[in-house]
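Okay, so here's the structure we're looking at.
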Amino acid sequence: MTVLQLKAVHRTHGTGATAVKALAGVDLIVNPGELVAVMGPSGSGKSTLLNIAGGLDRPSTGDVLVEGRSLLSLSKRDLAALRRRSIGYVFQDLNLLRSLTAVENVALPLELDGSSVRKARKVALQALTEVGLPELADRFPDDMSGGQQQRVAIARALVGERRLVLADEPTGALDSQTGESVLRLLRARVDAGAAGVLVTHEARHAGWADRVIFLRDGVIVDTAGPLTQAEDLLTVDGAR
Amino acid sequence: MRSWLVALRIARREALRAKGRTLLIVAMITMPVLVLTFAAAVYKMNSLTTAESQARRFGAGNALVTWQGQPDPNSKTPTRATADQVARALPAGSTMAPFGSTTVTMRTATGIGDIDGFFFNASDPILTPMVKVASGRVPQSDAEVAVSKSALSRLGTKVGGSITMPKFDSNTGMFPAHTYTVVGVVQISGKLTDQVLFSFSQAGDLYQQWVAKTPRPLTKAEVAGLNTAGFQVAQVGDQPAVLSDTARGFTLFGIGTVVAGLGILEVVLLAGPAFAVGARRRQRDLALTAANGASPATVRKIVLGDGVVSGTLAAVVGISGGIIAAFTTRGLVAEYVTHEAPGGYRVYPLALVIIALVAILTGVLGATVPAFTVARQDVVAALAGRRGVTRSRKVWLVLGIIGVALGAVLAAAGAYRTSSNVVLAGLVTGELGLVLCTPTIVGAIAQLGRFLPVTARIALRDTARRRSAAAPAISAVMAAVAGSVALTVYLGANDSRDNVYQQSYPTGSISVFSDNPQDQDRAAALLRQQLPTATVLPIMYPDCGESCYVQLELPANLRCPVSTDGPVTPDDVKRALADRRCDDVYGDHLSILLVQKASDGADALGLTDPAQRQRVNDALAGGTSVATVARFVDASGHVSVSKMTFSDAGGQQATQFQVPAISVPAGNLQTLLMTPAEMAPMGVTKAVANGVLAVPGTILPQSKRDAIDAALVDAGLNRMSLEFGPATDKHPIAIILAVAAALIALGAAAISTGLAAADGRSDLTTLAAVGASPRVRRQLSLSQSGVIALLGSALGVAAGLGAATAVLTGLNQVFAGQWPTPPKYPITMPWLNLLISLIVVPVIAMLGAGLLTRSRLPSERRAD
């Protein structure tokens with residue numbers, strides 16, 4: 001079953017003369033085991049697309065389905081439940097709650113979902129181990145490097161049985177080596193059956209994706225298949 | 001100096017940029033400035049000038065001459081002075097007008113009440129300036145009166161209506177029943193109390209005063225001459241008696257200084273979080289400034305400049321507002337607070353200057369800690385956007401502990417030496433010490449977060465992370481609650497000590513005394529009619545004849561062996577202190593109250609507990625007396641009743657009787673309850689009643705009491721007496737402080753929560769992204785608010801109880817080695833205050849935060 005589907009999604013911010021079209025008729029399908037990269041200039045609607053895909057924002061028109069369920073029919077409470085159980089989010093920065101330790105940050109969606117502290121901690125430790133940071137379980141974010149924080153954020157996005165991972169420039173604040181390790185984790189999860197959407201500016205990071213879509217002014221202007229080399233992007237659209 | 005100009009310019013621009021935060025800080029500082037300005041202006045307007053005071057006290061005259069002569073010992077009525085006598089004693093050319101004032105009993109709207117009565121000719125040029133006519137005119141005949149505005153409603157009348165004096169027994173020499181026509185509404189001597197102005201001839205024999213207008217002030221010799229002639233003289237220039245400025249051992253100035261100081265401390269602590277957040281928001285900007293050559297001192301000045309700007313703004317707004325408020329509400333203040341008309345419109349310039357400087361200083365103090373904190377920041381880390389955790393410097397903790405310890409010692413030592421200023425210094429030092437310790441305490445308590453649910457855990461840990469902003473708010477709550485709790489405990493202890501109150505009848509009971517049996521019956525019937533649900537009993541005592549009385553005595557073996565009748569030696573003191581029987585040397589005797597029926601016993605004691613009532617009634621029915629003071633009952637269950645008989649030869653004989661008795665406490669009631677049958681073995685066969693007692697169970701409202709009095713007087717009976725019981729803890733200042741503490745706690749929680757919410761937007765975004773339900777935002781606000789209010793209140797309660805204990809222990813130590821030992825100051829828990837501080841206020845703070853927080857989580861991330 002398709003994990004994520006956007007059907008003719010429009011999103012307009014504001015009204016009248018100050019209205020801004022963030023997305024204009026976007027159609028997108030992401031299947032299990034598929035990582036889709038979204039690229040485009042600043043203001044093209046990448047973050048808006050991700051917010052709508054994750055239920056943090058609603059389209060002005062169109063529909064969004066996650067695992068066959070239309071998000072438009074869900075209440076705020078149901079959308080929150082969806083994000084706790086099915087959707088994982090990774091941002092570029094300020095991912096972690098600074099008042100919680102690493103393991104508590106990872107366990108956060110589980111605890112919010114009603115899991116006991118002990119059980120949530122156990123599952124969270126497992127997730128931290130998968131990202132290679134079990135020794136940082138009881139550290140606070142201020143005592144970790146940027147790369148470590150981002151890996152903790154990945155662990156939180158992947159904890160439990162998440163089927164959709166949305167990453168908004170997760171490597172933006174990291175050095176190349178750390179960024180690569182973060183993408184490797186993401187790729188591994190997608191290969192294990194999840195679906196992923198990765199917003200990135202970096203062509204070499206888009207190379208980790210199965211498919212790249214290009215957004216401009218809220219419209220998908222092009223789609224590319226798996227990119228084996230970064231240079232492949234130069235041949236997709238001579239206008240770029 | 002130049003760097004200050006730069007700093008102030010930056011601060012001014014920043015204030016305009018962050019209008020919301022600036023408004024918050026200015027509002028916080030403005031409030032006490034406004035209140036202080038208001039108080040200063042009210043004080044100045046109510047401090048009458050010499051001319052204003054003279055007009056009120058003496059009218060157009062300059063002296064008040066009062067007859068004080070010795071009464072003729074052969075006559076029941078005092079000798080009277082004549083106007084001629086006064087005129088001869090005054091300088092030539094003097095004029096005078098007779099004047100009188102006393103309390104008169106009038107029929108009120110609800111019954112009968114006492115009211116201030118004035119008797120003079122208000123048309124006399126000397127006395128006219130004493131009277132302000134609001135409407136109508138002054139009385140011009142014996143059948144006319146003018147009343148004050150408040151008296152109109154009290155007396156239930158209006159201009160053109162009438163008022164009546166009730167009829168009293170002419171033997172008492174009081175007024176006969178008389179009706180007067182109300183011809184005007186007046187204000188006498190600037191007072192706004194209930195007043196009635198009669199023509200002077202109505203004073204009759206009551207009072208003899210004259211207001212004199214002399215051509216020059218009276219000399220000392222002339223005053224002495226008047227004194228010798230039996231007159232007391234007060235004249236312009238004599239200061240009226242000044243009330244002692246000592247209130248319960250603490251000087252009013254000392255208290256006022258401490259209250260003002262604590263008030264400023266509260267504002268500094270409340271404004272601190274706002275300055276801290278502002279400084280943190282500008283962390284990168286300030287780091288850029290530092291990177292471009294600004295020294296740490298300059299960075300500090302920029303933040304301190306925020307305080308100067310805010311303080312100055314607050315001074316302008318607060319002083320203007322305070323003056324306007326004082327001028328526009330002076331009528332209300334006069335009517336409801338001072339009960340006296342103020343003087344002219346004026347302000348207190350020197351006080352205003354000081355208040356303005358205090359406002360600026362308050363702003364600067366509020367910005368001081370954030371200024372020093374941000375000046376210490378790592379520039380590189382700040383430029384990279386990393387904040388780090390603010391760790392409390394150990395030096396503040398050490399200073400704080402020293403402050404607390406020193407404060408406790410000073411407070412106790414000051415109490416021991418009964419030096420109020422040392423006590424106050426100790427309390428302030430201790431409180432400041434706790435303020436310095438608060439950040440460390442907050443950090444330590446945050447360790448408990450792992451035992452809490454996730455939102456509470458985030459709130460607690462976040463509070464510790466933001467302790468530069470949160471700790472001042474918690475300290476503000478702590479300081480306010482500590483002050484309120486400490487004062488409540490102290491005042492409660494003072495009341496308990498002062499009111500070793502002994503009463504003979506239950507609280508709320510009404511007694512009407514008369515030796516006439518018919519009057520007693522009529523009074524009883526009347527009381528039953530007025531109070532259908534109350535028990536009405538005769539007040540009866542044992543009667544063993546004219547030269548005899550019966551009383552309850554402490555058994556010999558329970559009496560203190562050391563007597564206070566003669567001189568007490570040091571050895572006596574030692575023996576007495578070592579003997580528990582000497583703990584209370586007051587009250588070795590109790591009176592005896594008789595009830596006709598055993599079933600009346602519980603009512604006579606005003607008992608409400610069913611078990612106690614049954615116990616009393618059963619005991620009396622079984623021939624056992626009931627003592628309300630346990631120490632009078634010996635181990636064998638007997639009390640010792642003494643019958644004292646005096647012979648004509650001057651001798652006396654005491655006969656002791658052991659009477660079976662039980663002990664049942666009945667509040668402050670101190671009596672032995674018996675039935676007449678139990679008196680028989682003592683040879684006492686008569687019981688005398690001297691009145692009736694009604695026990696309604698509660699203290700009746702004034703209107704009901706007035707109505708009963710009116711009914712009694714109309715029936716030709718004596719007026720009633722009400723047993724009010726011991727003074728309860730109704731000190732207005734304690735209540736005001738408790739309310740102020742609650743408001744400060746709510747305000748501090750609201751401010752801190754609001755700032756945390758503004759500061760924690762990114763956390764909310766993250767929470768939304770990981771699937772927190774919309775109500776988590778509300779839960780977070782609720783938890784943050786609760787943490788501030790509860791932590792602050794808990795610390796404040798501990799500090800307040802500690803402070804009060806230190807002071808009361810010191811006070812008790814003063815008399816530790818003395819005997820007879822005055823009653824100790826008991827240390828009792830102010831349960832109501834604790835309930836409000838620890839439960840009500842945090843709950844309200846949390847509910848308020850929850851209600852005012854939007855339930856929607858922010859759905860958009862911050863823009864890249």
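Just so we're on the same page: letters track the sequence lines, and every chain starts at 1.
Using a 4.5 Å heavy-atom threshold, the side chains of A/Leu100 and B/Arg461 count as touching. For the pair B/Ile458/A/Arg98, no side-chain contact is recorded, criterion being any heavy-atom separation below 4.5 Å from C-beta on. Under the 4.5 Å side-chain criterion, counting only non-hydrogen atoms from C-beta, B/Thr766 is not in contact with A/Leu96.
For a residue to count as touching a neighbouring chain, one of its non-hydrogen atoms must lie under 4.5 Å from one of that chain's; by this rule A/Arg156 touches chain B with the side chain only. Contacts between A/Leu108 and chain B at a heavy-atom distance below 4.5 Å involve the side chain alone, from C-beta outward.
Between the OG1 atom of A/Thr101 and the CZ atom of B/Arg457 there is a distance of 7.5 Å, given to the nearest 0.5 Å. Annotation: the span from A/Asp113 atom CG to B/Ser773 atom OG amounts to 10.5 Å, rounded to 0.5 Å.
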B/Thr455 vs A/Glu111, side-chain contact (heavy atoms from CB on, under 4.5 Å): CA-CA, chis, key distance, verdict:
CA-CA 10 Å; B/Thr455 42; A/Glu111 282 191 70; over 6 Å; no
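Comment: B/Arg450 does not engage A/Glu104 in a salt bridge, judged by the lack of any side-chain N to carboxylate O separation of less than 4.0 angstrom. Using a cutoff of 4.0 Å between basic side-chain nitrogens and carboxylate oxygens, B/Arg465 and A/Asp142 are scored as salt-bridged.
With a 6.0 Å radius and a threshold of 12 heavy atoms from other residues, nucleotides or ligands, A/Asp217 has its CG atom at or below the threshold. For CD of A/Glu161, the number of neighbouring non-hydrogen atoms (other residues, nucleotides, ligands) closer than 6.0 Å is 12 at most.
Remark: side-chain polar atoms of A/Arg83 are paired, donor with acceptor, to backbone N or O of B/Ala768 under 3.5 angstrom.
Pairing each heavy atom of A/Ala80 with each of B/Ala772, the nearest pair is CB-O, 3.6 Å.
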